[in-house]
Student: 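Before I ask anything, here is the structure I am working with.
Whatever order the structure lists them in is the order used to number ligands and atoms, beginning at 1. Since we're looking at a predicted model, the values are computed, not measured.
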Amino acid sequence: MSNITPQPGIMDITLYQGGVAHLPGIANAVKLSSNENPFGPSDTAKEAFRKASYHLHRYPSSDHAELRAAIGEVHGLDPERILCGSGSDEIIAFICQAYAGPGDEVIHTEHGFGMYRISALANGATPVEVPERERVTDVDAILAACTDATKLVFIANPNNPTGTMIGEGEVARLAAGLPDHVLLVLDGAYAEYVDGYDGGAALVEARQNVVMTRTFSKLYGLGGLRIGWAYGPDHVIAVLSRVRGPFNLSAAALAAAEAAVRDTAWAEKCRLDNARWRHWLAEALSEHGVQSDTSLGNFILARFASQAEAEACDEHLKSEGLIVRRVAGYNLPNCLRITVGDEASCRRVAHAVGQFMATAR
Ligand SMILES: Cc1ncc(COP(=O)(O)O)c(C=O)c1O
């Protein structure tokens with residue numbers, strides 16, 4: 001027995017389940033479980049990473065000035081209001097650490113990304129789950145759930161694992177309708193996949209109560225290096241800068257991310273490819289009787305008749321060397337989330353779902 005105890009809330013955290021990466025006994029399994037870019041990062045990002053290997057004895061930049069300048073240039077944003085984190089997960093953690101503690105409430109939606117709840121609990125705050133409307137963020141339900149104790153509202157737009165998003169007018173209505181002590185966090189992990197969408201940057205500029213988070217893990221294919229960023233009002237960046245460790249990003253990650261964001265041609269190629277095969281895959285699944293909402297991310301949430309059917313399909317996919325994601329932990333037990341891979345993976349997964357459905361019902 002020990003009297004050593006953690007802070008309240010910590011042991012309420014259900015451990016995050018990452019996407020399975022390997023199948024025992026299958027050498028060339030296709031991983032479609034973590035919403036990664038099947039093509040990886042651009043060649044210029046890989047070259048920048050390689051060059052950084054010659055300077056590994058040096059500490060990295062602590063102000064991330066060059067990466068912030070590059071992001072600012074490419075996205076037309078003020079670099080002074082950008083803050084970089086080791087993945088957007090770390091930024092979510094900073095935001096909770098800085099703004100939410102015991103007695104405070106942190107709102108996330110019914111099928112919202114799991115790290116909101118984890119980070120709230122890690123800081124002793126109370127996560128509050130708000131219903132969605134048919135797997136879409138419900139602004140009125142969020143506004144109705146706000147109390148004097150609410151400190152943060154997290155929405156991902158597009159959301160993971162649903163793939164749905166709400167329009168800019170709805171996001172603006174949410175920001176305007178929140179009590180003035182509440183900060184709205186717009187998680188734009190999949191924003192780059194939406195043609196012409198700024199992830200909420202204009203709303204950040206127009207208001208004092210909105211912060212946007214972004215990542216290099218999805219469209220830019222750099223999940224393994226852990227780079228995310230936030231864009232917020234001065235007062236929020238001033239706060240987050242105080243909880244950020246000085247060397248939270250490695251030199252190699254900074255160099256690769258800077259090259260990646262500047263390689264707009266590669267990003268556009270990946271965006272178009274994703275849109276094309278996402279559409280193809282959704283249609284192919286639908287022809288096999290598996291429906292999905294229109295996804296705006298790099299994945300599809302396939303809906304089955306029951307949890308048993310979803311799990312049986314997952315088992316069949318595994319037997320065919322295809323790894324997708326079960327999402328029962330996101331209150332979606334009858335669904336499987338399938339990352340949009342390259343053409344060959346999309347064709348394989350559609351074929352295997354078709355095989356399964358031919359015998360399932
Ligand atoms: C909605 C959402 N936000 C944030 C993240 C975290 O991404 P990262 O920490 O790799 O930037 C993810 C990753 O899956 C996500 O789906």
Student: Between Thr109, Asp293, Asn331, Thr164, which is the residue that forms a side-chain hydrogen bond (donor to acceptor under 3.5 Å, both in side chains) with Arg135?
Tutor: Asp293
Student: Pull out every atom of ligand 1 sitting under 4.0 Å from any heavy atom of Tyr190, numbered as shown with elements.
Tutor: 1 (C), 14 (O), 15 (C), 16 (O)
Student: Which residue owns the protein heavy atom closest to atom 10 (O) of ligand 1, what's the atom, and how far is it?
Tutor: Ser217 OG, 2.6 Å
Student: List the closest protein heavy-atom neighbour of atom 6 (C) of ligand 1: residue, atom name, distance to the nearest 0.1 Å.
Tutor: Asp89 OD1, 3.1 Å
Student: Tell me which part of Phe216 gets within contact of ligand 1: side chain, backbone, both or neither, using heavy atoms under 4.0 Å.
Tutor: neither
Student: Looking only at distances, can you tell me whether any N or O atom of Tyr116, backbone or side chain, sits closer than 3.5 Å to an N or O atom of ligand 1?
Tutor: no
Student: Give the atoms of ligand 1, by number and element, whose distance to some non-hydrogen atom of Thr215 is under 4.0 Å.
Tutor: 8 (P), 10 (O), 11 (O)
Student: Check this for me - ligand 1, Arg214, N or O atoms closer than 3.5 angstrom, yes or no?
Tutor: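 For ligand 1, there is no N or O atom that lies under 3.5 Å from one belonging to Arg214.
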Student: Name the closest protein heavy atom to atom 7 (O) of ligand 1, giving the residue it belongs to and the distance to 0.1 Å.
Tutor: Ser88 OG, 3.4 Å
Student: Counting each atom of ligand 1 from 1 as listed, which ones have a heavy atom of Lys218 under 4.0 Å away?
Tutor: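 The list of qualifying atoms is 13 (C), 14 (O).
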Student: Starting from atom 12 (C) of ligand 1, find the nearest protein heavy-atom neighbour and note its residue, name and distance.
Tutor: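 It is Phe113 CZ, 3.4 Å.
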Student: Which of the numbered atoms in ligand 1 are below 4.0 angstrom from a heavy atom of Arg226?
Tutor: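 Answer for ligand 1: 8 (P), 9 (O), 10 (O).
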Student: If the plane angle is over 60° it's perpendicular, under 30° parallel, otherwise tilted; pick one for Phe247 and Tyr59.
Tutor: tilted
Student: Any idea which protein heavy atom is nearest atom 3 (N) of ligand 1, and the distance to it?
Tutor: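 Among all protein heavy atoms, the one nearest atom 3 (N) of ligand 1 is Asp187 OD2, 2.5 Å.
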